[in-house]
There are 4 protein chains.
Amino acid sequence: MSSILKERSLERTAVATARAPHTKEQQRRASIEKLLAAALALFVTRGYHATSVEQVAARAGLTKGAVYFYFRSKARLLLTLLDRVEEQVIAPTLEAIAAGTDPRDKLVAFMHSQSLAGEKRAEPMLLAILMATEFHGSRDPIERRLDGLFAQMHAALTAVVEQGKAARVFRRDLGTAETVSFIMAMNQGCFVEWYRRRTELDGPAFVRAMRGIVLDGVIAR
Amino acid sequence: MSSILKERSLERTAVATARAPHTKEQQRRASIEKLLAAALALFVTRGYHATSVEQVAARAGLTKGAVYFYFRSKARLLLTLLDRVEEQVIAPTLEAIAAGTDPRDKLVAFMHSQSLAGEKRAEPMLLAILMATEFHGSRDPIERRLDGLFAQMHAALTAVVEQGKAARVFRRDLGTAETVSFIMAMNQGCFVEWYRRRTELDGPAFVRAMRGIVLDGVIAR
Amino acid sequence: MSSILKERSLERTAVATARAPHTKEQQRRASIEKLLAAALALFVTRGYHATSVEQVAARAGLTKGAVYFYFRSKARLLLTLLDRVEEQVIAPTLEAIAAGTDPRDKLVAFMHSQSLAGEKRAEPMLLAILMATEFHGSRDPIERRLDGLFAQMHAALTAVVEQGKAARVFRRDLGTAETVSFIMAMNQGCFVEWYRRRTELDGPAFVRAMRGIVLDGVIAR
Amino acid sequence: MSSILKERSLERTAVATARAPHTKEQQRRASIEKLLAAALALFVTRGYHATSVEQVAARAGLTKGAVYFYFRSKARLLLTLLDRVEEQVIAPTLEAIAAGTDPRDKLVAFMHSQSLAGEKRAEPMLLAILMATEFHGSRDPIERRLDGLFAQMHAALTAVVEQGKAARVFRRDLGTAETVSFIMAMNQGCFVEWYRRRTELDGPAFVRAMRGIVLDGVIAR
DNA sequence: GATGAATGAGACTTCATTCAT
DNA sequence: TATGAATGAAGTCTCATTCAT
């Protein structure tokens with residue numbers, strides 16, 4: 001949410017665009033993007049602790065110093081990445097849920113939005129899930145940030161399930177908290193499974209299976 | 001499967017029990033158990049890489065050296081733990097599946113066995129899931145060991161689903177691989193979710209929700 | 001032969017000398033030299049295994065980390081030192097041999113070159129000899145490097161002895177391999193002896209004794 | 001010289017031989033011999049520091065504890081071995097020198113005795129040479145012990161050379177200390193070379209070369 | 001007579017981080 | 001803007017040694 005970079009870069013955008021295309025500002029942006037992309041790829045495949053700042057820098061074609069110049073620490077590098085997850089994955093999902101008219105619609109919207117994310121932005125979403133695993137119980141600020149991200153989705157889904165049960169569209173024999181947890185857990189589990197078995201699984205078919213099973217299981221008959 | 005410890009201790013069990021277990025053997029066992037218990041707890045809560053051998057030893061009331069005396073490396077400590085997961089969680093689940101008579105029965109048996117494990121042996125099962133995340137893509141021998149563990153369950157479930165579809169008890173509109181992956185993913189996701197939200201969730205209710213949704217979603221109507 | 005350092009530093013020498021060598025490059029060089037000098041002194045007096053990286057760093061006025069920054073391992077530190085031995089001791093000796101016109105000349109050149117090395121570069125030469133002892137039979141890459149170094153001198157001397165015997169200048173009653181081994185062994189033995197008894201022995205007198213005995217013993221009467 | 005073991009074992013020899021052959025005393029001896037043999041082989045091939053007490057014990061078919069039971073430390077293990085070197089190699093050589101009638105004879109006796117040792121007891125002699133290299137400059141008691149061993153031979157040779165020069169049988173243009181050092185150095189260097197190139201060199205031929213060169217080089221014409 | 005459990009010091013190495021340039 | 005030198009803490013592992021049995 002609060003990337004260190006945003007403010008600084010925005011205040012110079014005007015000047016930069018007025019002047020010319022190949023400016024310091026552009027290089028700055030490019031370096032930042034290269035570093036974030038490198039970090040994302042490495043954190044997702046190797047994990048945060050197993051990835052060294054040097055590896056991130058090398059993959060971005062820069063040196064360690066650059067990471068510390070743009071991000072003040074390895075942790076902020078991850079936090080900046082998590083800001084993007086919020087913008088690009090969480091926020092759209094929340095909006096999609098909000099846009100739905102009835103509970104069933106909202107649940108479908110949630111799943112649809114998530115599978116879209118899985119297709120277009122698999123890595124950012126995966127990052128949040130994997131980092132939640134890696135930092136769980138660490139008492140690190142990063143854990144709190146991640147808890148915040150998931151809490152938003154959790155809250156939104158809780159509202160949907162309550163609504164659904166009130167409207168007698170969803171099964172009422174299951175606890176709300178338990179239903180929500182199930183949906184979140186299944187969603188995250190499937191994300192990870194899909195990422196790992198990318199080559200073996202048929203993406204659309206997997207999404208269909210997932211959606212079908214959950215809807216049939218959650219919707220009251 | 002091949003714990004370093006088993007051989008040595010077993011070959012002496014006869015002698016030991018004949019003479020009544022005396023201190024050397026007892027101490028050996030006790031130290032090993034303390035170390036394994038400490039490692040299990042720490043690996044599950046902090047992760048493997050984030051846990052130092054010294055922390056494991058300290059939690060067991062011993063020193064680093066003792067860890068290296070019994071297990072020859074940090075990796076073997078984890079591998080020994082995974083041997084136990086296989087014995088205590090995977091094997092019983094496979095047996096439960098095998099004991100089921102029809103596909104529906106077998107699927108229920110799988111879920112039941114897994115939720116039992118979640119109740120009685122949450123940490124060992126969780127260990128396998130979390131380590132699979134931490135070591136995925138590492139090319140480490142540990143990754144291969146984990147792949148082996150999950151492959152067993154995957155294979156068993158694949159057989160169940162094929163049977164179920166052949167008998168027209170399970171939905172036939174979903175791909176087998178996708179259905180199996182869904183079941184595994186959901187199962188693992190729920191395990192993690194339940195562990196993390198232990199205090200907020202009602203265990204039995206959560207298991208009921210999970211089971212209900214999946215059965216209703218998988219079984220053909 | 002392939003010092004890690006050479007490439008990097010050489011490619012910048014032009015720029016550096018053009019602009020007058022400034023601090024970064026100078027500091028780099030200075031630190032490397034300090035580390036290599038410290039390592040050389042310690043490896044020669046205490047041996048490789050008995051010398052810790054920390055001792056090397058401390059003697060150079062730096063910390064362990066600096067050693068790993070410049071050389072990536074303790075082994076590379078030694079290998080870099082061996083590169084220098086090759087350049088500064090082995091190569092000149094080979095050249096001296098090559099420059100000799102007849103076998104007797106070449107043998108004298110060999111001994112002269114070696115005693116010069118003993119005077120001016122006792123430590124580098126000694127390093128090779130002592131490390132050959134320490135690593136013999138270790139199957140370590142360092143052993144292979146050392147074998148390579150000595151093989152060059154061995155080959156050169158073999159040619160000289162063959163030539164000498166063919167020209168009937170050298171004794172023909174002794175096997176070539178045995179004569180060469182004797183020369184190498186005597187040379188190395190004397191190097192070590194001289195280093196150890198530096199204070200008691202008269203260097204020039206020792207060299208004279210050595211040379212006299214060998215020549216009188218090898219040359220046919 | 002002062003093996004810890006001798007006293008103890010001797011006082012029981014009487015009892016042991018009186019009783020029966022397969023006694024504790026015999027086993028004791030056997031274990032000690034196995035340990036010493038293992039240590040000798042390992043120290044010579046891998047070096048003292050690079051050999052762990054555990055490796056020694058394992059090669060002897062025993063455990064670490066046994067080493068500490070018989071020898072109180074790793075150092076004493078080596079010291080005991082050096083006692084044997086003195087008995088089996090140094091002493092006989094000194095006696096051989098003493099038995100010679102004139103200087104030339106004594107020098108030949110020295111070289112003959114040493115080459116005999118090289119044939120029959122290569123490892124013990126080698127041990128002394130290699131350990132002298134490994135411990136030189138260490139200020140360890142072992143270094144002093146080794147200095148003592150070599151000092152004996154040095155002293156004996158010094159007497160021989162002085163005699164030889166006085167009798168005008170040896171070259172008088174070379175310093176005594178330098179000549180002695182040369183002989184010692186050449187002798188040790190050849191020992192090592194021969195051990196390393198055992199397979200390539202013809203032992204007798206090598207000894208002949210060595211002896212021929214040295215005698216021709218030392219004896220006055 | 002010998003083992004096996006356990007320790008603790010110290011080794012090599014990695015890595016996040018700082019800072020002068 | 002970015003690099004490269006350097007640090008220091010921490011991590012995995014080895015090993016000589018002690019001691020109860």
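Predicted model only: the values in this text are computed from it and were never measured. No hydrogens, no waters, no symmetry mates; every other heavy atom, side chains included, goes into these values. Below, chain A is the first sequence line, B the second, and so on; all start at residue 1.
- DNA chain E is contacted by A:Thr51, A:Ser52, A:Val53 of residues 41-60 of chain A, taking any non-hydrogen atom closer than 4.0 Å.
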Are D:Glu143 and D:Arg139 close enough, and set up right, to give a salt bridge (charged side-chain N to carboxylate O under 4.0 Å, His left out), and what steps lead you there?
CA-CA 6 Å; D:Glu143 188 187 12; D:Arg139 294 182 169 195; over 6 Å; no
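- Dashed line: the shortest gap from a side-chain N or O of B:Tyr70 to OP1 or OP2 of E:dA6 is under 4.0 Å.
- When the P atom of E:dG4 is taken as reference, atom CD1 of B:Ile32 falls 13 Å away, rounded to whole Å.
- A donor-acceptor pair under 3.5 Å is absent between the side-chain atoms of D:Lys74 and the main chain of D:Val67, judged by distance alone.
- Atom-to-atom, CZ of A:Phe69 to P of E:dT17 comes out at 17 Å; the value is rounded to the nearest Å.
- Between the CZ atom of D:Arg76 and the C1' atom of F:dT17 there is a distance of 15 Å, rounded to whole Å.
- Among all heavy-atom pairs drawn from A:Leu35 and A:Ala57, the shortest one is CD2-CA, 4.2 Å.
- In this structure, CD of B:Glu25 is placed 13 Å from C1' of E:dT3, rounded to the nearest angstrom.
- Remark: D:Lys34 engages D:Ala60 in a side-chain contact (heavy atoms from CB on, under 4.5 Å) (not counting sequence neighbours).
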Side-chain polar contacts of residues 37-49 of chain B - donor-acceptor pairs under 3.5 angstrom, sequence neighbours left out - could you list them?
unit_1: B:Thr45; atom_1: OG1; unit_2: B:Ala41; atom_2: O; d: 2.9
unit_1: B:Thr45; atom_1: OG1; unit_2: B:Leu42; atom_2: O; d: 3.4
unit_1: B:Tyr48; atom_1: OH; unit_2: B:Ala75; atom_2: N; d: 3.1
unit_1: B:His49; atom_1: ND1; unit_2: B:Glu134; atom_2: OE2; d: 2.8

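- Under the side-chain contact (heavy atoms from CB on, under 4.5 Å) criterion, A:Thr63 pairs with no residue, sequence neighbours left out.
- With rounding to the nearest 0.5 Å, the separation of OG1 in A:Thr80 from CZ in A:Arg72 is 10.5 Å.
- If you take NZ of C:Lys24 and P of F:dG4, they are 7 Å apart, rounded to a whole angstrom.
- Closest contact between the side chain of A:Gln27 and the listed nucleotides E:dT14, E:dA5, F:dT1 involves F:dT1.
- Rounded to an integer number of Å, the gap from CZ of B:Phe71 to P of F:dT12 is 15 Å.
- Residues B:Thr63 and C:Ser73 each lie close to DNA chain E; by heavy-atom proximity, the contact nearer the 5' end of the strand is made by B:Thr63.
- Proximity note for C:Leu62 (side chain, C-beta onward) versus F:dA6, E:dT3, F:dC13: the nearest is F:dA6.
- Side chain of C:Arg28, nearest nucleotide from F:dT17, F:dA5, E:dT17: F:dA5.
- Of the candidate nucleotides F:dT3, E:dT13, E:dG4, E:dT13 has the atom lying nearest to any side-chain atom of C:Tyr68.
- If you check F:dA10, E:dA16, E:dG1 against the side chain of C:Lys64, the one that comes closest is F:dA10.
- If you take CG of C:Leu35 and C1' of F:dA5, they are 12 Å apart, rounded to a whole angstrom.
- Nearest heavy atoms, C:Ile142 versus C:Asp140: N-OD1, 2.8 Å.
- Rounded to an integer number of Å, the gap from A:Arg72 CZ to E:dC19 P is 13 Å.
- C:Glu33 pairs by the salt bridge (charged side-chain N to carboxylate O under 4.0 Å, His left out) definition with C:Arg84, not counting sequence neighbours.
- Between F:dT1 and A:Ser31, no contact under 4.0 Å exists linking OP1 or OP2 to a side-chain N or O.
- Side-chain atoms of A:Lys74 lie closest to E:dA16 of the nucleotides E:dA16, F:dT7, E:dG1.
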Given pairs defined as Watson-Crick or G-U wobble with both distances under 3.5 Å, what dot-bracket annotation applies to DNA chain E, with ( ) intrastrand, [ ] crossing, | other strand and . unpaired?
.||||||||||||||||||||
Residue pair C:Asp83, C:Arg145: steps toward the salt bridge (charged side-chain N to carboxylate O under 4.0 Å, His left out) verdict
CA-CA 9 Å; C:Asp83 287 343; C:Arg145 183 75 176 92; 2.9 Å; yes
